Amino acid sequence: MLIMIKSSKRWPPSRMGQDPIGDLVQARSKTELRPEQQDVVDKTTKTFKGKYSILWNAKIRFGKTLSALKLIKKEIL
(Lines give C-alpha, C1' and ligand atoms only; values in the text may rest on other atoms or scores of the structure.)
Protein backbone atom coordinates (compact mmCIF):
# COMPACT_ATOMS: atom_id res chain seq x y z
CA MET A 1 0.00 0.00 0.00
CA LEU A 2 1.35 3.41 -0.97
CA ILE A 3 0.44 6.59 0.89
CA MET A 4 1.32 10.07 -0.38
CA ILE A 5 1.99 12.41 2.53
CA LYS A 6 1.91 16.12 1.75
CA SER A 7 2.94 18.98 3.97
CA SER A 8 0.42 21.77 4.35
CA LYS A 9 2.26 24.89 5.42
CA ARG A 10 -0.84 27.01 4.76
CA TRP A 11 -3.00 25.50 7.50
CA PRO A 12 -2.52 27.38 10.78
CA PRO A 13 -1.80 25.23 13.85
CA SER A 14 -4.49 26.98 15.84
CA ARG A 15 -7.70 28.84 15.08
CA MET A 16 -9.06 31.46 17.45
CA GLY A 17 -6.82 30.30 20.28
CA GLN A 18 -7.88 26.66 20.03
CA ASP A 19 -5.63 23.80 19.02
CA PRO A 20 -7.76 21.26 17.09
CA ILE A 21 -4.93 18.74 16.70
CA GLY A 22 -4.04 19.00 20.37
CA ASP A 23 -7.61 18.09 21.23
CA LEU A 24 -7.46 15.00 19.03
CA VAL A 25 -3.95 13.86 19.92
CA GLN A 26 -3.51 14.20 23.65
CA ALA A 27 -0.09 15.22 24.93
CA ARG A 28 -0.46 12.68 27.71
CA SER A 29 -0.49 9.69 25.35
CA LYS A 30 2.58 7.56 25.94
CA THR A 31 2.45 5.52 22.74
CA GLU A 32 5.97 4.78 21.55
CA LEU A 33 6.83 4.10 17.92
CA ARG A 34 8.88 1.11 16.87
CA PRO A 35 12.37 1.98 15.57
CA GLU A 36 11.38 1.58 11.89
CA GLN A 37 8.33 3.79 12.40
CA GLN A 38 10.40 6.45 14.16
CA ASP A 39 12.89 6.38 11.25
CA VAL A 40 10.06 7.05 8.79
CA VAL A 41 8.74 9.95 10.88
CA ASP A 42 12.24 11.46 11.20
CA LYS A 43 12.97 11.10 7.47
CA THR A 44 9.61 12.63 6.57
CA THR A 45 10.19 15.57 8.91
CA LYS A 46 13.62 16.12 7.34
CA THR A 47 12.16 15.88 3.81
CA PHE A 48 9.43 18.45 4.60
CA LYS A 49 12.16 21.05 5.20
CA GLY A 50 13.02 21.01 1.48
CA LYS A 51 10.07 19.38 -0.29
CA TYR A 52 6.34 19.26 0.26
CA SER A 53 5.62 15.57 -0.31
CA ILE A 54 7.03 12.13 0.35
CA LEU A 55 5.78 8.66 -0.54
CA TRP A 56 5.59 6.00 2.17
CA ASN A 57 5.83 2.51 0.70
CA ALA A 58 4.84 0.54 3.78
CA LYS A 59 3.45 -2.96 4.16
CA ILE A 60 0.27 -3.97 5.90
CA ARG A 61 0.53 -3.83 9.72
CA PHE A 62 3.41 -1.31 9.57
CA GLY A 63 1.50 1.26 11.62
CA LYS A 64 0.97 3.95 8.98
CA THR A 65 -1.91 5.61 10.82
CA LEU A 66 -0.04 5.81 14.13
CA SER A 67 3.10 7.06 12.35
CA ALA A 68 1.09 9.71 10.50
CA LEU A 69 -0.52 10.88 13.76
CA LYS A 70 2.90 11.16 15.41
CA LEU A 71 4.18 13.08 12.38
CA ILE A 72 1.26 15.53 12.59
CA LYS A 73 1.80 16.00 16.30
CA LYS A 74 5.52 16.59 15.76
CA GLU A 75 4.96 19.09 12.92
CA ILE A 76 2.23 21.07 14.70
CA LEU A 77 3.77 21.17 18.14
Side-chain angles (χ1 to χ4, degrees):
M1 175 178 276
L2 300 175
I3 296 179
M4 176 65 78
I5 306 291
K6 292 188 177 185
S7 172
S8 176
K9 301 294 183 182
R10 294 171 281 169
W11 187 70
S14 63
R15 295 180 183 174
M16 292 189 269
Q18 296 177 349
D19 185 10
I21 299 297
D23 293 340
L24 297 174
V25 181
Q26 298 291 329
R28 64 180 182 204
S29 67
K30 301 292 182 188
T31 306
E32 297 293 326
L33 296 178
R34 295 189 304 263
E36 61 271 13
Q37 293 170 324
Q38 188 62 48
D39 289 342
V40 168
V41 171
D42 293 340
K43 288 178 184 178
T44 304
T45 302
K46 190 183 297 183
T47 302
F48 281 170
K49 291 179 182 176
K51 298 179 184 179
Y52 291 106
S53 65
I54 187 170
L55 181 65
W56 286 358
N57 186 6
K59 296 181 180 180
I60 297 172
R61 307 287 302 166
F62 176 77
K64 295 176 286 289
T65 302
L66 180 63
S67 299
L69 287 172
K70 288 290 185 171
L71 176 67
I72 291 168
K73 184 176 178 182
K74 186 176 181 179
E75 287 289 314
I76 296 298
L77 301 177

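Predicted, not measured: the structure shown is a model, and the values here were computed from it.
The line from CD of E32 to NZ of K70 is 6.0 Å long, rounded to the nearest 0.5 Å. Note that NZ of K43 is 8.5 Å distant from NZ of K46, once rounded to the nearest 0.5 Å. Rounding to the nearest 0.5 Å gives a distance of 9.5 Å between NZ of K64 and CG of N57.
Checking each of E36, R34, Q37 against S67 for a side chain to side chain contact (heavy atoms under 4.5 Å, CB included) leaves exactly one that passes, namely Q37.
Listed by chain and number, the residues in a side-chain contact (heavy atoms from CB on, under 4.5 Å) with T45 are V41, L71, K74, E75 (sequence neighbours excluded). Partners of D39 under the side-chain hydrogen bond (donor to acceptor under 3.5 Å, both in side chains) rule, at least two apart in sequence or in another chain, do not exist in this structure.
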